[in-house]
Amino acid sequence: MSSEGVPGSMRRGNLFESLTMSAIPPAVQQVLQARQDATQTQIDVALLGQNLDVQRQTGDAIVQMISEVVDVQKQLASGHIDVRV
């Protein structure tokens, strides 16, 4: 469907181009910005939570490895070592 013959104010492109942020009242802009900020905060918190989970898993794995090293050292000190497969 061509926009030829349709007045400029009725063309879809011009209509959307004319709706800029300056056409939105400041109070509405503030509400929209607050919603956007709240959404970004939720995203940031979720990402931080995921990072914390990864750090906890890494820490748990390190503690387990240290624990196994201690067990091996104790076994070597007593003159034998148990091999687990």
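The shown structure was predicted, so the numbers you read here are calculated from the model rather than taken from an experiment. No hydrogens, no waters, no symmetry mates; every other heavy atom, side chains included, goes into these values.
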- Tell me, please, which residues at least two apart from Val63 pass side chain to side chain contact (heavy atoms under 4.5 Å, CB included). none

- Residues that Ser67 engages under side chain to side chain donor-acceptor pair (under 3.5 Å), provided they are two or more places apart: none

- Query: In Å, rounded to the nearest 0.5 Å, how long is the span from CG of Leu52 to CD of Gln57?
  - Reply: 10.0 Å

- dist Asp37:CG -> Leu32:CG (nearest 0.5 Å) comes out at 11.0 Å

- Message: Gln36: which residues meet the side chain to side chain contact (heavy atoms under 4.5 Å, CB included) condition with it, sequence neighbours left out?
- Response: Gln33

- Note on the structure: Residues joined to Ile43 in its hydrophobic cluster, side chain to side chain under 4.5 Å directly or through other members, sorted by chain and number, are Leu47

- Message: Please enumerate all residues that pass side chain to side chain contact (heavy atoms under 4.5 Å, CB included) together with Val31, with sequence neighbours excluded.
- Response: Arg35

- Task: Give every residue pair that meets the side-chain hydrogen bond (donor to acceptor under 3.5 Å, both in side chains) criterion with at least one member in residues 39-51, sequence neighbours excluded.
- Result: Gln40-Asp44

